[in-house]
Structure formats: structure tokens, C-alpha cells
Amino acid sequence: MGKIILTKIINALKKLYIPKCALNYKTDFQLLVSVILSAQCTDKQVNLVTPKLFEKYKNINDFANAKLSELEKLIKSTGFYKNKAKSIKNAASEIIKNYNGKIPDKIDELTKISGIGRKTANVILAEIYQKAEGIVVDTHIKRLSYRIGLTKNTIPEKIEIDLMAVIPKKYWIDFAHLLISHGRNICKARKPLCGKCQIKKYCQKNGL
DNA sequence: CTCCCGATAT
DNA sequence: ATATCAGGAG
């Protein structure tokens, strides 16, 4: 599986999807909040709770001063709500305290913040700063990368290293968006629609 | 490795 | 009834 195949896959997917984030947000910190909420939860479900959430908490200071019980109530339907509420409040406080309220633009600084891991940090860098220090590896990218044959690893950090080795850096951000779209629409976790798959000929499973 | 955890599809 | 969803911490 070389870089030439990767380019073909990316070009084929570009004809099907617009490489774009599906989370609804207006400010940088709203994006950060949405990404934390999206852990083990669909973007659709996140977009259902954020309008009321961002109405109550207007900015990073509001989130830093939020009452956990109130925050939990508003994000409950996204699951893991106690952890997520703490993560959001903590991220707001740490960014105000250590970064003067501005979200860091380096992955090492982002992942130091409790509640922000490698996947969340990669999304934040891509969305806010159009910058890629790594590649987003979420559940879709993990699944599709394995099925297509881009990696034999199952640990996200190792998958990320494998992907960085074969994907030209200028495609890192689009690659993640495109694979996630294809994962949602065709290459589903439970019942993949291989008969409708437009990149089947590049896939190691090739319809199975 | 386990725990966190609600909504939806199968 | 069970698997899955733009995961992360201990």
C-alpha cells in the first residue's frame, strides 16, 4: 500500500464528500467544547445540545465558572456527561490560567490539558489553526484504515504513526474528514455497504 | 486493562 | 439484547 494508492483513494472520496467538520460552532472554544462532547457520541447528538449550551455559556470564562451540576444537565444526552463536564470546565480554567485564554496551537500543550487527548488535540489543530502535527484517529479512521489495509495495528497511536508514514502531509486533514464521511455513509461498523463502496477496488477486504 | 454513560441502529 | 458513536483518564 503506497502513496500512489492513497492519493487515488483520497481523490475518489473527494468526489463524494466535502472534507468538512460536521460539528456546529462559531468560536474556537465552542469547537473545543464540541470535540470533547463528541467522544463516543455522534456529531448529530452533539449538535443537538450545543445551541442551548452556548446560549447559557457565552465564552471561555463562563465555562470556567460553570457549576458542574448545571453543565452536566445540559450535556447529559451526549453520554459520559460527568467526565465531559469536568473536562470542559478544566480545559477552560487551564487555558485561561496558562495560555491567557487563547487555545494553544501545539499538540504537546493541548494534550497536557486534562480531558484533551491526541484525537481531540488533532481535531482542534486542524479546525482552528488548519495545522496538522498528526492525524486524527477516531473510531471511523481506526476501522477504515484497518479494513482498507493501511495498518495492521489496533492501537490508535500506532495507527496514527502508520498513517503518517504513507499519507502525504498535505492530505492529513482532508484524509480524516473524508474517511469519517465514508465511514458514516458506506463503510459502517456493523453492516458495511460494500456493494455501494466507490473505493472497493483499493480495499484489502474488497467487498467483504 | 477498566471505567465513564446516553441515544440510536440492528 | 447488543453494538456503536469524531475518546480519555487512572
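Chain naming here is simple, since letters A, B, ... match the order of the sequence lines and numbering starts at 1 in each.
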| Covered region of DNA chain B, 5' end to 3' end, by chain A [heavy atoms, under 4.0 Å] | B/dC4 to B/dT10

In a table with atom names and distances, give each donor-acceptor pair under 3.5 Å that connects a side chain of residues 98-114 of chain A to protein atoms at least two apart or in another chain.
{"from": "A/T111", "atom 1": "OG1", "to": "A/I107", "atom 2": "O", "distance (Å)": "2.9"}
{"from": "A/T111", "atom 1": "OG1", "to": "A/D108", "atom 2": "O", "distance (Å)": "3.3"}

| query | Atom CG of A/L110 and atom P of C/dA6: how far apart are they, to the nearest Å? | reply | 21 Å

| said: Applying side-chain contact (heavy atoms from CB on, under 4.5 Å), can you list everything that pairs with A/Y171, at least two apart in sequence or on another chain? | reply: A/T7, A/I10, A/K14, A/I167, A/P168

| Salt bridge check: are A/D62 and A/K56 linked by an N-O gap of less than 4.0 Å? | no

| message | When you compare the side chain of A/I128 with that of A/L32, does any pair of heavy atoms fall below 4.5 Å? | response | no

| Is there a residue in residues 32-52 of chain A whose heavy atoms reach under 4.0 Å of DNA chain C, and which residues are they? | A/S38, A/A39, A/Q40, A/C41, A/T42, A/D43

| Span that lies between the P atom of C/dG10 and that of B/dC5, in whole angstrom | 14 Å

| said: Is it the case that atom CD1 in A/I18 sees more than 12 heavy atoms from other parts of the structure closer than 6.0 Å? | reply: no

| request: With sequence neighbours excluded, tell me which residues meet side-chain contact (heavy atoms from CB on, under 4.5 Å) with A/I173. | output: A/A126, A/A132, A/H177

| Heavy-atom donor-acceptor pair, A/N153 side chain to A/I159 backbone, under 3.5 Å | no

| request: Identify, with sequence neighbours excluded, every residue that meets side-chain contact (heavy atoms from CB on, under 4.5 Å) alongside A/K76. | output: A/Y81

| ring-ring contact (aromatic ring centres under 6.0 Å, His included) partners of A/Y17, counting only residues at least two apart | A/H182

| query | Do A/I75 and A/L53 touch side chain to side chain, with heavy atoms closer than 4.5 Å? | reply | yes

| note | A/N90 atom CG is separated from C/dG8 atom P, nearest whole Å, by 14 Å

| request: Could you list all the ring-ring contact (aromatic ring centres under 6.0 Å, His included) pairs where at least one residue sits in residues 38-62 of chain A, not counting sequence neighbours? | output: A/Y57-A/F63

| query | When you look at NZ of A/K82, are more than 12 heavy atoms from neighbouring residues, nucleotides or ligands closer to it than 6.0 Å? | reply | no

| Do any of residues 55-77 of chain A sit with a heavy atom less than 4.0 Å from DNA chain B, and if so which? | A/K76, A/S77

| remark: A/K89 and A/A64 have their tightest heavy-atom pair at NZ-O, 2.9 Å

| message | Regarding A/Y81, tell me which of base, sugar-phosphate or nothing describes its non-hydrogen contacts under 4.0 Å with the strands shown. | response | sugar-phosphate

| remark: Expected list for residues 175-191 of chain A near DNA chain C, using heavy atoms below 4.0 Å, is A/H177, A/I180, A/R184, A/A189, A/R190

| request: Check the distance between C/dA6's C1' and A/D174's CG and give it to me in whole angstrom. | output: 15 Å

| message | I'd like to know if the side chain of A/R118 and the backbone of A/I135 have a donor-acceptor N/O pair within less than 3.5 Å. | response | no

| query | Listed in order of residue number, which residues of residues 111-145 of chain A have a non-hydrogen atom at under 4.0 Å from DNA chain C? | reply | A/I113, A/S114, A/G115, A/I116, A/G117, A/R118, A/K119, A/T120, A/V123, A/V136, A/D138, A/T139, A/H140, A/R143

| remark: Sequence neighbours excluded, the answer for side-chain contact (heavy atoms from CB on, under 4.5 Å) partners of A/I155 is A/E157, A/K158

| So, the side chain of A/K84 versus the backbone of A/A39: is there a donor-acceptor pair under 3.5 Å, distance only? | yes

| request: Sticking with atom P, work out how far B/dC3 lies from C/dA6, rounded to a whole angstrom. | output: 24 Å

